[in-house]
Q: 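Please find one structure pasted underneath; my questions will follow.
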Amino acid sequence: MMQQSLFHCGMTTPEPTIVGEALPDIRLEPSLADYDRYLVFFSGGKDSVACFLWLLEQGIPIEKIELHHHLVDGREGSELMDWPVSEDYVVRFAAAFGVRASFSWREGGFEREMLRDETPTAPVHFYTQSGEKRQVGGAGKPNTRRKFPQVSADLSVRWCSSYLKIGVGESYIVNDPVFKEGKTLVLTGERAEESPARARYKTFEPHRSDNRNGPKVFRWVDVYRAVHSWTEAEVWDIMRKYGVNPHPAYHLGLSRMSCMTCIFGSPMQWAMAKKYMPVHFKRIADYEAEFGVTIKRDGSVEEIAARGTAPELDEHWLGIALSKRFTAPILIDPSVWVLPIGAFGESSGPT
Ligand code: SF4
């Protein structure tokens, strides 16, 4: 979800390995052996899973990999946007593979950030790799939002991506001293196929937290979009190869695992939210009315839901998706693995 304009300017880029001919579609790839650790920004969605599995395919030792998940609703009790099961899915996924998982969040999550009224943005929380609880920020300039993020590729108005994911991830890397040692490769799962905006992302570049030339603080961090050129079929293929049971959202018919009530939701998704997640839906509809500003310009969530039809959902997977426990197995026998019904289906989500 990062845009080129958000990256630091004037940094020295590492010596890249150029793959293929020097044609317009030139791709840059990191030399994997150069890195001391591999930090996968891991939503639990199929593309972040594919990034992790790709690292295994490259022979990267599991102890050098970390899955890092941002809690969009925070950890203070707000439940507005995220799939309730996502955190546990990540925990169990990490346990199944024996890989370290870590979490970060902005205090109060999406809801507190949205309700800011002449108050500063809330601090970010995380645990360092040595187990120390850290709280960063929270003393910025007071400001007012009181409206939902807007559906746009411009992250200054689509603030959920920047304030609840990108900025939180940057705080984690900048404030855990471990990232001052050696070189870190961040992996993110944007794919060109998802949107024209994502197609323009660079495959490999310094991460926004990079400070390799800093006079006082050294921090070498690159970001690699390892599955940028992959098709959806290739992503499902690697999931099948490892027998990974996909996040419940895919079993409910979605082909992308965004927030449960993502601002990019289609009429079908808002109709689904209204029918099956009525408490979340009503709170969002009530906030739209309270703010006098809707998420989308072409109607309120009520109006958009009315344009769609809620599908019949599998009760088993709906129960799991809306619970705090992922009670299904993470790993299943690849020989009996089947595509979830959401595969190759409607694809709404962040651009
Ligand atoms: S998934 Fe949707 S609602 Fe959630 S942070 Fe991304 S753009 Fe915002």
Side-chain angles (χ1 to χ4, degrees), residues 1-3 6 41-49 68-75 78-87 89-90 103-116 121-122 124 145 147-172 188-191 194-198 201 225 246-250 252 254-270 272-274 277 280-281 283-285 287-288 291 293-297 300-301 304-305 321 342 346-351:
M1 291 190 189
M2 299 173 192
Q3 289 193 326
L6 288 168
F41 279 166
F42 192 82
S43 66
K46 65 184 186 308
D47 302 323
S48 59
V49 170
H68 189 81
H69 182 78
H70 306 306
L71 301 165
V72 171
D73 281 329
R75 254 202 187 138
S78 172
E79 292 185 0
L80 194 67
M81 305 303 290
D82 243 344
W83 293 95
V85 78
S86 288
E87 182 175 355
Y89 179 83
V90 174
F103 298 85
S104 57
W105 66 96
R106 193 172 293 283
E107 192 173 299
F110 185 106
E111 196 166 11
R112 175 167 167 179
E113 180 63 26
M114 179 174 71
L115 294 177
R116 279 207 292 135
T121 195
V124 167
R145 286 203 189 279
K147 63 179 166 192
F148 280 93
Q150 300 298 291
V151 174
S152 167
D154 177 355
L155 298 189
S156 66
V157 293
R158 190 178 108 207
W159 52 261
C160 48
S161 299
S162 47
Y163 277 74
L164 302 169
K165 291 183 173 175
I166 298 170
V168 172
E170 182 181 16
S171 287
Y172 173 57
T188 61
E190 303 94 339
R191 288 186 301 113
E194 293 174 306
S195 72
R198 289 191 169 195
Y201 286 176
R225 299 183 172 92
H247 185 283
Y250 301 109
L252 293 178
L254 304 175
S255 78
R256 289 182 68 181
M257 202 287 277
S258 312
C259 287
M260 183 174 77
T261 45
C262 177
I263 58 167
F264 285 90
S266 66
M268 180 278 284
Q269 283 170 279
W270 284 114
M272 181 171 137
K274 182 171 182 178
M277 303 101 187
H280 290 75
F281 182 86
R283 293 188 63 219
I284 290 171
Y287 273 135
E288 281 193 332
F291 300 151
V293 182
T294 53
I295 294 175
K296 296 193 180 184
R297 298 282 58 79
S300 64
V301 290
I304 293 169
E346 183 184 283
S347 171
S348 298
T351 53

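Just so you know, ligand 1 is whichever comes first in the structure, and atom 1 is the first atom listed for that ligand. These numbers were taken from a predicted model, which means no experiment stands behind them. We're numbering straight along the sequence, starting at 1.
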Q: Side chain, backbone, both or neither: which applies to Phe264 and ligand 1 if a contact is any heavy-atom pair less than 4.0 Å apart?
A: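 Near ligand 1, Phe264 shows its side chain, while the N, CA, C and O stay back.
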Q: Taking His69 for the side chain and Phe42 for the main chain, is one N or O donor matched with an acceptor at less than 3.5 Å?
A: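 Confirmed, His69 side chain pairs with Phe42 backbone.
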Q: If every non-hydrogen atom of His247 is compared with every non-hydrogen atom of Val85, which pair is closest and at what distance?
A: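 Heavy-atom minimum between the residues: NE2-CG1, 3.8 Å.
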Q: Closer than 4.0 angstrom: is that true for some heavy atom of Val72 and an atom of ligand 1?
A: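 Val72: no contact with ligand 1 (<4.0 Å).
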Q: Closer than 3.5 angstrom, by distance alone: can the side chain of Asp73 be matched with the main-chain N or O of Glu79 as a donor-acceptor pair?
A: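 It does not hold such a pair.
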Q: For His280, give me all partners under ring pair (Phe, Tyr, Trp, His ring centres under 6.0 Å), at least two apart in sequence or on another chain.
A: none
Q: Among Cys160, Pro149, Ser161, Ser258, which one has a heavy atom closest to atom 8 (Fe) of ligand 1?
A: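 Checking each option, the heavy atom nearest atom 8 (Fe) of ligand 1 is found in Cys160.
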Q: Does a salt bridge link Glu190 with Arg198, judged by any charged N lying under 4.0 Å from a carboxylate O?
A: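 The answer is no: the pair does not qualify as a salt bridge.
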Q: Look at Cys262 and state whether any of its N, O or S atoms is less than 2.8 Å from atom 2 (Fe) of ligand 1.
A: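 Yes - counting backbone and side chain alike, Cys262 has an N, O or S atom under 2.8 Å.
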Q: Check each atom of ligand 1 against the heavy atoms of Lys165 and keep those under 4.0 Å away; list them by number with element.
A: 1 (S), 5 (S), 6 (Fe)
